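Below is one structure, written out as structure tokens; comments come after it.
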Amino acid sequence: MSSLKPVRGTHDILPGDLRRHRHVENAAFETAGRYGFEEISTPIFEFTEVFSRTLGDTSDIVTKEMYTFADKGDDLITLRPEGTAGIARAFISSGLSHQLPLKFFYRGPMFRYERPQKGRQRQFHQVGVELLGVDSPLADVEVISIASDFLSALGVDGKVVCELNSLGDSDSRSAYRQTLVDYLMDHINSLSEDSRARLDRNPLRILDSKDKGDRAIIADAPLITDCLNDPSKRFFDELLEGLEISGVAYTLNPKLVRGLDYYCHTAFEFTTDALGAQGALVAGGRYDGLIKQMGGPQTPGTGWAAGVERLALMIDDPIGKKRPIAMIPIGNEAAELVLRLTQELRRAGHTIDLGYAGNMKKRMQRANKISACAAVIIGEDELSKNAVVVRDMDSGEQTEIPLSTLEDFLSRFL
RNA sequence: GUGGCUGUAGCUCAGUUGGUUAGAGCAUCGGCUUGUGGUGCCGAGGGUCGGGGGUUCAAAUCCCCUCAGCCACCCCA
């Protein structure tokens, strides 16, 4: 019977939940659309190298979270764990480098082999934006503004803060890395085991360690913002200025780092404390070296991704479902007319529920259960008079009208 | 991957120190109402007690294994 359960970390999304998911996706799509972004769709699996070469050999995603398998042609395939690498690949494959700048919106399932928790599943969904081909921090301002507007549209902006940091360009970053390692080496005996392992692999990540001992050491650690060279500093200043002009609130967090190797300069996260340890709702940054590293032309990029499930957990059911009109035939004589009427009304734009079976009482109960706004009743009396009875399901008021005026009469329920 | 908590009807949960046919509310279905729903009253169906093994005269209850969810770590959306 275990085969009748969904695979660990995957879930059926039933209509009630799916309404919230779609609402999240649509809010992102519409917001991005106002900034001129267009939707793109790339495959949900790629050759494994697309991810392993771009996300970094030391990232957890590559080392232990990828769903990878050999297909029948012995190609190594991976279910996408995130969206940016696939879009960068598509940009190169489709030769889009002459149409810059490009603004993409995407949505769809992602796959990560992790231990499930609330707000963290093995198959989950993201929406995201990518802006390619713009060196100016104006691109980052725009991308962060989209995220901010998107969260406001969902009504969760009060529960979210935008944390922001700069990782600088590669020179600044490697200078900082050295400074940080030097500092941490002086405290190596006090560092947690995890952090000692991170010291040569990815020392920046020690900055967001939750270990108490680590935190004490980190508190006095040198900050990346103090190691930025002039161009990086200027870039960051322009970004902050742009955000202020745009009216986007943010909090500087000099210890914010990103898990993936391809980020530079801008790094940000919209976080909440409403979801326990899974507080990151939207996260992103700039990735100027990614496309070149994949074998394409030097092309800067900046963008973010948001977790649909996490955001869906934070909003109420948007309802918004159209209330149907129920058709209630009484007796076999009315059946044919009712079916014909039903189809005419549907084609005229009404949402009609046909009860399929049962006596009048059963059909009325069903009409009530699906919260119909009106019931159209047709029995012997009505047939002989060439009329129908329309019952307003909220007031209980019934009106007999000539059959020919039904469609017009029902327009009051639209 | 590590540590911990939980797992009883479709849903939310009771189930006393192991002891007859495992309960409630909500939901579902039927009736009171043979052309009229929502409220009310009456009644019914529905459970391999997550799964497997063990201890015992007897296990939802105790032990082991396993699966899943949740919490923290890890990491991230």
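Being a predicted model, the structure only gives us computed values, none of them experimental. By convention in this document, chain letters (A, B, ...) are assigned in the order of the sequence lines, proteins followed by strands, and residues within each chain are numbered from 1.
A:Phe150 places a side-chain heavy atom less than 4.5 Å from the side chain of A:Val127. Between A:Pro329 and A:Arg363 the shortest side-chain heavy-atom distance falls below 4.5 Å.
In terms of polar N and O atoms assigned as donor or acceptor, the side chain of A:Lys361 comes within less than 3.5 Å of the base of B:U33 in a complementary pairing. Within 3.5 Å, a donor on the side chain of A:Arg391 pairs with an acceptor on the base of B:G37, or the reverse. Between the side chain of A:Asn368 and the base of B:G38, no donor-acceptor pair of N or O atoms lies under 3.5 Å. A donor-acceptor contact under 3.5 Å links the side chain of A:Glu382 to the base of B:G35. Residue-to-nucleotide contacts include no donor-acceptor pair under 3.5 Å from the side chain of A:Arg115 to the base of B:C71. Side-chain atoms of A:Arg205 stay outside donor-acceptor range of the base of B:C75, with no qualifying N/O pair under 3.5 Å. With hydrogens and angles ignored, no donor-acceptor pair under 3.5 angstrom links the side chain of A:Arg198 to the base of B:C74. Below the 3.5 angstrom threshold, one finds a donor paired with an acceptor across the side chain of A:Gln398 and the base of B:U36.
When Watson-Crick and G-U wobble pairs are counted only if both distances are under 3.5 Å, B:U34 pairs with no nucleotide at all. Figure legend. B:G23 is base-paired to B:C13; pairs are counted as Watson-Crick or G-U wobble with both atom distances under 3.5 Å. Across all strands shown, B:A58 forms no Watson-Crick or G-U wobble pair with both distances under 3.5 Å. The partner of B:G69, taking Watson-Crick or G-U wobble pairs whose two distances both stay under 3.5 Å, is B:C5. Within the shown strands, B:U28 is the pairing partner of B:A44 under the Watson-Crick or G-U definition, both distances less than 3.5 Å.
Note on A:Lys118: every side-chain N or O is 4.0 Å or more away from OP1 and OP2 of B:A77. An OP1 or OP2 oxygen of B:A72 is reached within less than 4.0 angstrom by a side-chain nitrogen or oxygen of A:Gln117. Within the structure, every side-chain polar atom (N or O) of A:Arg363 is placed at least 4.0 Å from both OP1 and OP2 of B:G37.
In this structure, A:Glu380 reaches the bases: a heavy-atom distance under 4.0 Å links it to at least one base atom across the strands shown. A:Gly9 comes within 4.0 angstrom of the backbone, heavy atoms only, and of no base. Using a 4.0 Å heavy-atom distance criterion, A:Asp394 is classed as a base contact. Among the atoms of the strands shown, only primed sugar atoms or phosphate atoms (P, OP1, OP2) are found under 4.0 Å from some heavy atom of A:Val282. No engagement by A:Met110 is indicated, since no non-hydrogen atom pair under 4.0 Å with the nucleic acid exists. A:Gly331 comes within 4.0 angstrom of nothing in the nucleic acid, heavy atoms only. Within 4.0 Å (heavy atoms only), A:Ile377 reaches at least one base atom of the nucleic acid. Nucleic acid contact for A:Arg366: none, since no nucleic acid atom lies under 4.0 Å from a heavy atom of the residue. Within the nucleic acid shown, A:Ala277 comes within 4.0 Å of at least one base atom, counting heavy atoms only.
Taking the side chain of A:Arg258 as heavy atoms from C-beta on, and the options B:U28, B:A77, B:U33, the nearest nucleotide is B:A77. Side-chain atoms of A:Arg8 lie closest to B:A68 of the nucleotides B:A68, B:G35, B:C73. Counting only heavy atoms from C-beta on, A:Glu114 has its side chain closest to B:C75 among B:C75, B:U33, B:G4. In the set B:C76, B:C75, B:G30, the nucleotide with an atom closest to the side chain of A:Lys362 is B:G30. With distances taken from any side-chain atom of A:Ser209 to the nucleotides B:C74, B:G35, B:A77, the minimum falls on B:C74. The nucleotide whose nearest atom lies closest to any side-chain atom of A:Asp381 is, among B:G35, B:C74, B:A68, B:G35. Among the nucleotides B:A77, B:C70, B:U36, the one closest to any side-chain atom of A:Pro116 is B:C70. Relative to the side chain of A:Ala280, the nucleotides B:C76, B:C75, B:U36 differ in distance, and B:C76 lies closest.
Positionally, the nearest nucleotide of RNA chain B for A:Gly276 lies more toward the 5' end than for the other of A:Ala305 and A:Gly276. Nearest-nucleotide mapping onto RNA chain B: of A:Met360 and A:Tyr263, the residue sitting toward the 5' end is A:Met360.
Put simply, CG on A:Asp211 is 8 Å from P on B:C74, counting in whole angstrom units. In this structure, A:Leu281 atom CG and B:C76 atom C1' are separated by 12 Å, rounded to whole Å. Here B:U28 presents its P atom at 14 Å from CD1 of A:Ile370, a figure rounded to the nearest Å. Rounded to whole Å, the distance from NZ on A:Lys369 to C1' on B:A27 is 10 Å. Taking atom CG of residue A:Leu256 and atom C1' of nucleotide B:A77, one finds them 14 Å apart after rounding to whole Å. Atom CE of A:Met327 is separated from atom P of B:U36 by 19 Å (rounded to the nearest Å). The nearest whole Å value for the distance from the CD atom in A:Glu400 to the C1' atom in B:U36 is 15 Å. Distance CG (A:Asp273) to P (B:C71): 15 Å, rounded to an integer number of Å.
Ring-plane geometry between A:Phe235 and A:His265 is classed as parallel, the angle between the planes falling under 30 degrees on a 0 to 90 degree scale with a further cut at 60.
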Kindly indicate, with the supporting measurements, whether the criterion salt bridge (charged side-chain N to carboxylate O under 4.0 Å, His left out) is fulfilled by A:Asp353 and A:Arg366. CA-CA 10 Å; A:Asp353 184 87; A:Arg366 176 178 165 79; 3.0 Å; yes

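A gap of 38 Å separates the P atoms of B:A27 and B:C63, to the nearest Å. B:U16 sits 34 Å from B:C73 when the P atoms are compared, rounded to a whole Å. Across B:G4 and B:C74, the matching C1' atoms stand 15 Å from one another, rounded to whole Å. When the C1' atom is used for both B:U48 and B:G43, the distance is 28 Å, rounded to whole Å. Remark: the separation of the C1' atoms in B:G45 and B:G3 is 44 Å, to the nearest Å. One C1' atom belongs to B:U61, the other to B:G18, and the distance between them is 6 Å to the nearest Å. The separation of B:C13 from B:G50, taken at their P atoms, amounts to 15 Å, rounded to a whole angstrom. Taking the C1' atoms as reference points, B:C49 lies 10 Å from B:A9, given to the whole Å.
Here CZ of A:Phe270 is found 6.5 Å from CD1 of A:Ile144. Values are rounded to the nearest 0.5 Å. Taken from NE2 in A:His350 to OG1 in A:Thr342, the straight-line distance is 12.0 Å, to the nearest 0.5 Å. A:Tyr263 contributes atom OH, which lies 14.5 Å from atom CG of A:Leu204 (distance to the nearest 0.5 angstrom).
Under a 4.0 Å N-O distance rule, the pair A:Glu30/A:Arg34 does not qualify as a salt bridge.
No donor-acceptor contact under 3.5 angstrom links the side chains of A:Arg177 and A:Ser174, judged on distance only.
A cation-pi arrangement is present between A:Arg412 and A:Phe409, with the terminal nitrogen or guanidinium carbon under 6.0 Å from the aromatic centre and inside a 45° cone about the axis.
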